[in-house]
A.B. asks: 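The structure that follows is given in the form of structure tokens.
Chain letters run A, B, ... following the sequence lines, proteins first and then strands; every chain starts at 1.
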Amino acid sequence: MWKQIRDREEGKIRPQSFAHRFKSNRIAQLQLSNYKDIVSPHKGAVNSLQIDLTEGRYLLSAASDASLAIYDVQRAADYEAGGLISKHKCIFSVDKQHDLGHKHAISSAIWYPVDTGLFITGSYDHHINVWDTNTTQVVMNFKMPGKVYRTAMSSLATSHMLIAAGTEDVQVRLCDIASGASTHTLSGHRDGVMTAEWSTSNEWVLVTGGCDGAIRFWDIRRAGCFLVLNQSSTQLGRRPPVLKRSMITKNLGIKPHAGQRKLSNGSGSRELPIGKVSAKGPMKQRSHPGMLSTQDRATAHYGAVTGLKVTEDGMYLLSAGSDSRLRLWDVESGCNTLVNFETVRLQTHKPIQLATTQDSTLVFVPCMRSVKSFNMWSGNTYATFRGHYECVNSCWFNEQDQELYTGGNDRQILVWSPPRLIDDETNGQSVEDRDNWSD
Amino acid sequence: MEAEERMGLATKARSLIEKATNSTSPEVDPRLLRAIKSVVRNSDSELRIAAETLTDLMKRDHSQVRYLTLLIIDELFMRSKLFRTLLVENLDQLLSLSIGFRQNHPLPAPPAVASVLRSKAIEFLEKWNHSFGVHYRQLRLGYDYLKNTLRLQFPNIQANVDRMRQERRERERKSKEILLNKYENLRQNLSSIKGEILSTVDEAGECLEILNSKDKLMQDDILDDEVEEFCHPELLQMRLDAIKEGEKVHENSDNKVVFDALRELYKLLVSKHLISIQEWISVLVRVEVADNQFRDSALKEFIDIRNHVKSVQKKCEEAGCSLQNTSKKHEEEEDFWEEGDVVANEVASSAPKNKDKHLDMASTSHKAKDGALSSRNEEPDSSNTRRLAHRRNEVDSNSLRGKLLAEAPVVRRSSHLDDWGSNRVFMANQRGLELDNHWGRVDSDAVIPADKIAELNVHAALYEEKQVEIQPCHAPLKKGGLCQRRDLRVCPFHGPIVPRDDEGKPLNQSPSKHRVNVGLGIDLAEQLAKQAVKNVRERDNEVAKKQEIDKRALKRAKLAKIREHNESVLRDAALTSTSRSASLGLDGDVADEGNLSSRDNKRSLASMLRKKTTSKDRIARKLLSSQARDATTRQHDASEDAKYREAFPNQW
């Protein structure tokens with residue numbers, strides 16, 4: 001470590017790479033934090049966790065007892081055991097007693113991406129509430145046709161303030177905070193929509209995953225979806241081998257071997273142009289409305305799609321399905337990159353919340369009672385975080401502090417952090433926790 | 001080579017653990033446990049292996065194994081930090097395996113052990129959380145989850161202890177307060193309290209004085225009797241006592257009033273003032289105050305008063321009052337004397353031909369106060385004679401007779417003792433009848449000589465069989481428990497009866513065979529240990545300076561001892577398995593012994609799983625067998641048929 005610092009001092013290492021090295025080193029050491037407790041006031045499963053995007057300091061959690069709470073993860077409310085353990089109590093919490101609070105489980109709670117003055121919750125009582133953080137009052141309310149599974153706002157949107165809502169209903173709704181009404185309905189899914197995620201590279205592009213196993217890409221400026229991910233159109237490796245045509249043909253050659261039924265429509269060759277078009281508007285116009293019906297029926301997972309996560313650079317999409325598979329998609333080509341993630345089992349009934357590190361090397365996935373981190377490109381298990389006693393629903397990675405927060409059905413919110421830099425040897429190795437051999 | 005050694009040791013730890021958990025007893029064998037601890041303590045790699053083994057064993061589908069494993073885990077958990085960090089990683093698994101809180105993974109059979117396992121695990125978790133919860137988030141989480149989410153009942157031992165301590169502190173505080181109050185109270189009315197007591201004491205003193213002055217006059221004429229005529233020392237003693245008694249002031253009509261007053265005062269002194277003084281003293285001793293001056297002075301005063309009161313009390317008692325049962329005591333004394341008289345009379349009247357009695361008398365004369373005992377010595381039981389012998393011993397231990405008596409055997413009392421040692425000659429015709437018959441004249445003066453009499457009176461000793469308790473066989477049974485058959489030499493099922501320990505392992509097996517196997521190592525270790533100890537002693541005596549060396553030697557000795565102990569435990573383990581198989585005559589193959597014993601044990605473990613067939617089961621089996629069912633249905637049909645036929649006899 002000291003060597004790196006000296007290198008940085010001498011200018012041998014660039015600041016970026018120094019920071020990067022430092023961070024990845026810390027991330028590698030993540031473990032259940034003994035000195036940071038989040039005191040969860042929830043009496044039900046924690047469904048959703050998010051750190052605000054502006055300060056990286058306030059954690060918003062929502063639980064299935066219709067309660068939600070906000071914590072300051074940087075300043076502790078009080079200390080225990082002689083300052084060894086810092087207890088982070090919630091700054092405030094809202095539960096059923098609140099006049100305008102939700103009546104049923106809150107499935108998703110997200111911060112307004114621009115500042116911490118607002119946050120949005122979606123609940124099984126068919127409502128989406130927009131809250132003022134400072135007054136803890138509901139400032140806006142949207143009625144949905146069914147249970148809300150997921151709400152999402154684009155973090156880069158500059159020209160719209162739309163909440164994308166995935167509900168029991170087949171249609172994805174976009175609610176405008178500015179007008180207080182639902183602006184769009186996007187229809188295409190054949191079953192409820194479990195997850196929705198905005199692209200991190202294009203403010204107009206929305207990705208949704210449904211209970212029908214389909215992942216659809218929508219350009220909200222146009223009707224209909226422009227891309228349906230197909231699990232059988234595959235490519236090997238991180239980048240679509242655009243230059244090496246032979247590689248694609250080889251892939252195509254392999255396909256019949258795999259025995260997939262999607263061979264006939266030649267999706268591989270057709271999807272590439274569509275993928276390209278998706279980035280550039282005019283070309284898409286041609287092919288989009290007339291998407292082949294077979295292609296429209298393509299599925300990304302067997303069973304429901306329970307989790308989606310777009311990487312920080314917006315080039316890849318991770319999806320988790322109730323078939324206990326995790327898939328990494330190349331957004332541009334729309335192909336399954338065939339990374340084999342060593343998941344054991346995923347929760348099937350509830351949407352799960354995935355998290356990635358900023359440089360997209362690791363992905364954190366709730367696997368039943370544990371959280372696993374996988375190498376994004378090889379799919380190897382990097383670490384397993386055991387601590388919850390029941391299924392984990394959500395995880396969120398805090399870039400700023402390199403901490404991971406996980407919430408599960410056991411009502412706990414756990415903090416996973418790298419060990420303290422100040423050596424614990426002096427005060428951590430206290431009298432009680434030493435070898436104590438009597439004979 | 002080192003790696004090999006480590007492997008060897010590691011497998012040792014594993015085999016020890018497996019050995020320890022492979023039993024049906026409700027506790028881990030303490031020797032094995034100690035061996036495990038000492039093996040694991042020495043190096044981390046063994047500890048890791050042990051942790052691995054233990055977690056593996058927890059997955060066994062048998063509650064007994066899990067239970068024993070849990071006990072070992074607890075032992076190590078409380079001791080080793082590394083073990084804690086290793087185990088805490090998978091705490092949820094450990095808890096689910098030991099408490100069985102997951103619905104799809106209930107605890108395995110047998111259910112009785114499973115419930116014990118659960119309660120023990122909960123208790124351990126509480127203990128762990130209390131001792132190490134601060135350092136391990138996982139412990140806190142597990143405890144919190146079980147307590148607040150699953151609402152399991154924890155024994156709350158620590159909380160209880162805390163509460164008790166709190167209560168005790170509270171009580172102490174209260175008592176201290178009370179003491180302080182009393183102290184203040186005393187401080188304010190010390191003079192009045194003192195005055196009250198002193199006035200009583202003074203009054204009593206006056207009363208005594210009055211009595212004494214009166215009695216002086218009366219008593220002058222008593223002592224003119226002559227003592228010389230009583231030559232017997234015992235009687236002399238009695239006389240002296242009587243005189244002493246007579247010296248005392250006696251209550252009569254003249255001084256009755258004074259006596260009454262004195263008695264009252266005495267009562268007051270003893271029952272009230274003395275106690276209150278005692279109380280005040282204890283208050284003063286216990287109280288904690290800033291200024292000790294007053295306390296000390298008051299204490300001194302009180303002690304003085306107490307002594308004063310005591311002396312007065314003594315005087316009063318001498319004068320003949322005592323608390324509440326003055327008269328009764330007198331009576332008792334009289335009784336005593338009467339009894340003594342009776343004994344004396346008895347002694348005087350009884351003829352000195354009986355030796356026992358004679359001796360008795362001697363003893364009573366020496367110890368006049370043993371009246372109660374002497375009155376009992378007429379019943380002729382052996383214990384009494386023995387005691388008498390003892391007493392005699394005490395009395396005149398230096399005489400030859402006493403010595404002989406000490407050696408003499410104790411015999412049961414019978415008629416032969418009547419003429420013990422006498423040389424008398426008995427008349428053949430004791431009755432003095434005139435006996436004439438046709439066989440000739442009868443010599444009426446015929447005598448039976450003493451030796452004949454002795455011959456006739458030879459002590460007849462009945463052979464008494466010594467009561468020997470036949471030891472039960474105690475060989476371990478396959479279904480658990482020990483064989484309770486009592487045979488003298490050979491049990492028909494388990495062969496010759498040999499002494500066995502609590503688990504049914506034979507005790508005195510010849511270790512010679514094994515010694516050879518173990519080799520020089522132990523001998524060397526033993527020698528080393530002995531040498532070390534000797535060194536220590538020598539140097540202790542010689543120089544006190546060389547303590548450091550001593551310490552090192554001690555340490556070495558200790559290490560050697562540990563090693564020795566381990567070896568012996570292992571040896572024992574091996575030995576028991578061999579002897580077992582040999583005694584059962586199952587197999588002579590020595591190479592197979594480990595396997596065999598484990599199979600044996602497993603059978604016992606497996607037998608725990610087998611459900612006990614209750615009478616209900618047996619009845620059910622009998623009733624629900626297909627045969628029985630068929631028979632029942634047939635019978636039923638037949639009876640139905642019969643009923644039908646009867647109901648409609650001639651319906652056509």
A.B. asks: Is the count of non-hydrogen atoms from other residues, nucleotides or ligands lying under 6.0 Å from B/Arg118 atom CZ greater than 12?
C.D. replies: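 Yes, enclosed.
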A.B. asks: Could you check whether atom NZ of B/Lys555 has more than 12 heavy atoms from other residues, nucleotides or ligands sitting under 6.0 Å from it?
C.D. replies: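 No, the 6.0 Å shell around NZ holds no more than 12 heavy atoms from other groups.
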A.B. asks: Indicate the atoms forming the closest heavy-atom contact of A/Lys36 with B/Arg137, along with that distance.
C.D. replies: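 Residues A/Lys36 and B/Arg137, closest heavy atoms: O-NE, 4.5 Å.
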A.B. asks: Heavy-atom distance under 4.5 Å to chain A: side chain of B/Asn148, backbone, both or neither?
C.D. replies: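 Both the backbone and the side chain of B/Asn148 come within 4.5 Å of chain A.
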A.B. asks: Chain A heavy atoms under 4.5 Å from B/Phe83: which part of the residue, side chain, backbone, both or neither?
C.D. replies: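 It is neither, since no heavy atom gets under 4.5 Å.
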A.B. asks: Counting a contact as any heavy-atom pair under 4.5 Å apart, which residues of residues 405-412 of chain A contact chain B?
C.D. replies: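 Expected list: A/Asp410, A/Arg411, A/Gln412.
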A.B. asks: Return yes when atom NZ of A/Lys103 has more than 12 non-hydrogen atoms of other residues, nucleotides or ligands closer than 6.0 Å, and no otherwise.
C.D. replies: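 Above 12, so yes.
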A.B. asks: Heavy-atom distance under 4.5 Å to chain A: side chain of B/Glu89, backbone, both or neither?
C.D. replies: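 Backbone only.
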A.B. asks: Does atom NZ of A/Lys89 have more than 12 heavy-atom neighbours from other groups under 6.0 Å away?
C.D. replies: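 It does not: A/Lys89 NZ has 12 such atoms or fewer within range.
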A.B. asks: Which residues pass the ring-ring contact (aromatic ring centres under 6.0 Å, His included) test with A/His88, sequence neighbours left out?
C.D. replies: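 Counting only residues at least two positions away or on another chain, A/His88 forms no ring-ring contact (aromatic ring centres under 6.0 Å, His included).
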A.B. asks: Looking only at non-hydrogen atoms, find the nearest pair between B/Val134 and A/Ile85 and report the distance.
C.D. replies: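 Closest approach of B/Val134 to A/Ile85, heavy atoms only: O-CD1, 3.8 Å.
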A.B. asks: Within the structure provided, determine whether A/Leu32 and B/Val88 are in side-chain contact (heavy-atom separation under 4.5 Å).
C.D. replies: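 Contact flag for A/Leu32/B/Val88 side chains = no.
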A.B. asks: Heavy-atom distance under 4.5 Å to chain B: side chain of A/Ser33, backbone, both or neither?
C.D. replies: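 Interface part for A/Ser33: backbone (N, CA, C, O).
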A.B. asks: Quick check on B/Leu91 against chain A: is it the side chain, the backbone, both or neither that has a heavy atom closer than 4.5 Å?
C.D. replies: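 The answer is both parts of B/Leu91.
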A.B. asks: Counting only heavy atoms not in B/Lys561 (residues, nucleotides, ligands), do more than 12 fall under 6.0 Å from its NZ?
C.D. replies: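 For B/Lys561, atom NZ is not crowded (no more than 12 foreign heavy atoms under 6.0 Å).
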A.B. asks: When only heavy atoms count and the cut-off is under 4.5 Å, which of residues 386-395 of chain A reach chain B?
C.D. replies: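 Residues A/Arg386, A/Gly387, A/His388, A/Tyr389, A/Glu390 are the ones that qualify, each having a heavy atom under 4.5 Å from chain B.
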A.B. asks: Quick one: list whatever passes salt bridge (Lys or Arg N to Asp or Glu O under 4.0 Å) with B/Arg140, sequence neighbours left out.
C.D. replies: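 Partners of B/Arg140 under the salt bridge (Lys or Arg N to Asp or Glu O under 4.0 Å) test: A/Asp37.
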